[in-house]
Amino acid sequence: MREIRDLDTVELILEAQGIFDAIRGPQRVIDAGTMRALQQSGNYATGYFDDGRMVGASVAFFGPPSSRSMHSHITALLPEFRGRGWGRELKEHQRQWALARDVGNITWTFDPLVSRNAHFYLTVLGARVTGYAVNQYGIFGGGDAGDESDRLDVKWALADIASPPADDAVQATLEIPDNIEHLRLEAPAEAQEWRMRVRREMGVLLNRGLAIAGFDPKRGYLFVQA
């Protein structure tokens, strides 16, 4: 039996911190005290349970009141529970929770080298890329395996889901590796080459006045005229 529950006790908060630590390594993305403060002040803090065991969690917080937005800081499932559609259930729960509180947009960032996330966020959820930043959070020792933290900013307009661009509108594509996480473990030098290559080509395409409008697993990022 699967369920999504609020992290409304200290015990659940600590369990969620364990989930995030297991995924991201020793440099914490968020600590238990911060999660507890966010939850107690009315922000989004939930755990995903399978037969009573927490296997994922999500934390988000409200943006400026006038923006009617919420920023999703982290949403994660343990690796062995990915690929089952459960991540989509978590994001849909977050979407419904936000809509019930008059929030129209959810924002977050992600590593442009992680193809499974690019596909999920841009194609499955229909979020839109709104910006690109080089080394946005500094160098992580966890999920980025010491790599610099380049990020794409996205906005998920909850009542206006984006569709993939028409083929004749695509003016350029940008390929990324199939599994950068594997490369970081098995061939870190190659992973770093990908970081530099994508950073360079992303800058060139954006400077040409193009914008990311979708993602295709075979072609990579799809650019259209901004």
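- Under the 3.5 Å distance criterion, the side-chain polar atoms of D150 are matched with a main-chain donor or acceptor of N135.
- The local environment of CD in E201 is crowded, with over 12 non-hydrogen atoms from other residues, nucleotides or ligands closer than 6.0 Å.
- A salt bridge links R95 with E92: the closest approach of a Lys/Arg side-chain nitrogen to an acidic carboxylate oxygen falls below 4.0 angstrom.
- Considering all non-hydrogen atoms of both residues, P217 and D178 come closest at O-OD1, 4.5 Å.
- Taking the six-membered ring for Trp and the full ring otherwise, the centers of Y44 and H73 sit at least 6.0 Å from each other.
- At distances below 3.5 Å, at least one donor-acceptor pair connects side-chain atoms of Q225 with backbone N or O atoms of G209.
- In the hydrophobic cluster analysis, where Ile, Leu, Val, Met, Phe, Trp and Tyr join through side-chain heavy atoms closer than 4.5 angstrom, W108 is grouped together with I161.
- Residues D167 and R219 are paired through a salt bridge, judged by an N-O separation under 4.0 Å between the basic side chain and the carboxylate.
- Between L12 and F49, some side-chain heavy-atom pair lies under the 4.5 Å cut-off.
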Walk me through whether R5 and T46 qualify under side-chain contact (heavy atoms from CB on, under 4.5 Å). CA-CA 5 Å; R5 302 206 312 261; T46 61; over 6 Å; no

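- Summarising the geometry of S58 relative to F20, their closest heavy-atom pair is N-CZ, 4.1 Å, with the distance given to 0.1 Å.
- Counting only N and O atoms by type, the side chains of Q136 and T109 include no donor and acceptor under 3.5 Å apart.
- With respect to R128 and D153, no salt bridge is recorded, no charged nitrogen being found less than 4.0 Å from a carboxylate O.
- Under a hydrophobic clustering in which Ile, Leu, Val, Met, Phe, Trp and Tyr are joined whenever their side-chain heavy atoms come within less than 4.5 Å, directly or via other members, I19 and V10 fall into different clusters.
- Proximity of L77 to V55: side-chain heavy atoms (C-beta onward) are separated by under 4.5 Å at one or more points.
- The minimum heavy-atom distance between G47 and L7, with the atom names listed, is N-CD2, 3.6 Å.
- Hydrophobic cluster membership is shared by L99 and F62, with clusters built from Ile, Leu, Val, Met, Phe, Trp and Tyr side chains linked at under 4.5 angstrom.
- Qualifying side-chain hydrogen bond (donor to acceptor under 3.5 Å, both in side chains) partners for Y221, counting only residues two or more places apart in sequence or in other chains: none.
- By the salt bridge (Lys or Arg N to Asp or Glu O under 4.0 Å) test, R2 pairs with E89, sequence neighbours left out.
- The backbone N or O of A37 lies less than 3.5 Å from a partner atom in the side chain of S41, making a donor-acceptor pair.
- Legend: residues meeting salt bridge (Lys or Arg N to Asp or Glu O under 4.0 Å) with E80, ordered by chain and number and at least two apart, are R53.
- No donor-acceptor pair closer than 3.5 Å links the side chain of S69 to the backbone N or O of I106.
- Salt bridge E181/R116: present, at least one basic N to carboxylate O contact under 4.0 Å.
- The aromatic rings of W86 and Y48 lie parallel to each other, with less than 30° between the two planes, well short of the 60° mark.
- In plain terms, the two heavy atoms of Q17 and A32 that are nearest each other are OE1-N, 2.5 Å.
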Go through Y137 and R151 one step at a time and tell me if the side-chain contact (heavy atoms from CB on, under 4.5 Å) criterion holds. CA-CA 9 Å; Y137 303 110; R151 291 293 184 269; 3.7 Å; yes

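- Not a single side-chain hydrogen bond (donor to acceptor under 3.5 Å, both in side chains) links T130 to another residue, sequence neighbours left out.
- Rounding to the nearest 0.5 Å gives a distance of 5.5 Å between CZ of F215 and OG of S115.
- Neither M54 nor L14 shares a network with the other; the hydrophobic side chains, linked directly or stepwise wherever heavy atoms of I, L, V, M, F, W or Y lie under 4.5 Å apart, form separate groups for each.
- Using the six-membered ring where Trp is involved, F110 and Y121 have ring planes that are perpendicular, over 60° apart on the 30 and 60° scheme.
- P177 and I180 get closest at one heavy-atom pair: CG-CD1, 3.8 Å.
- No donor-acceptor pair closer than 3.5 Å links the side chain of D6 to the backbone N or O of D8.
- Checked for salt-bridge contact, R195 and D111 meet the test: a charged N lies under 4.0 Å from a carboxylate O.
- Using a 4.5 Å heavy-atom cutoff, the side chains of R199 and V134 are in contact.
- Under the side-chain hydrogen bond (donor to acceptor under 3.5 Å, both in side chains) criterion, N179 pairs with no residue, sequence neighbours left out.
- A 4.5 Å side-chain heavy-atom check between L205 and R208 finds at least one atom pair inside the cut-off.
- Side-chain contact between I4 and L90 is present, with at least one heavy-atom pair separated by less than 4.5 Å.
- When atom types are taken as modelled, the side chain of T123 and the backbone of F120 share no donor-acceptor pair closer than 3.5 angstrom.
- The main-chain N or O of M70 is never found under 3.5 Å from a side-chain atom of N105 such that the two would form a donor-acceptor pair.
- Annotation: side chain of L174 is in contact with side chain of V198 (closest heavy-atom distance under 4.5 Å).
- Here CG of L183 is found 9.5 Å from CG of L113. Values are rounded to the nearest 0.5 Å.
- Residues L122 and L222 do not share a hydrophobic cluster, clusters being chains of Ile/Leu/Val/Met/Phe/Trp/Tyr side chains in contact below 4.5 Å.
- Between the side chain of N43 and the backbone N or O of Q39 there is no donor-acceptor pair closer than 3.5 Å.
- For R101, the CZ atom is densely surrounded, since the number of other residues' heavy atoms within 6.0 Å is greater than 12.
- Side-chain atoms of M202 and F223, non-hydrogen and from C-beta on, do get closer than 4.5 Å to each other.
- A 4.5 Å side-chain heavy-atom check between V103 and R68 finds every atom pair outside the cut-off.
- Residues satisfying the side-chain hydrogen bond (donor to acceptor under 3.5 Å, both in side chains) test with Q40, not counting sequence neighbours, are none.
- Across all non-hydrogen atoms, the minimal contact from M35 to I13 is CE-O, 3.7 Å.
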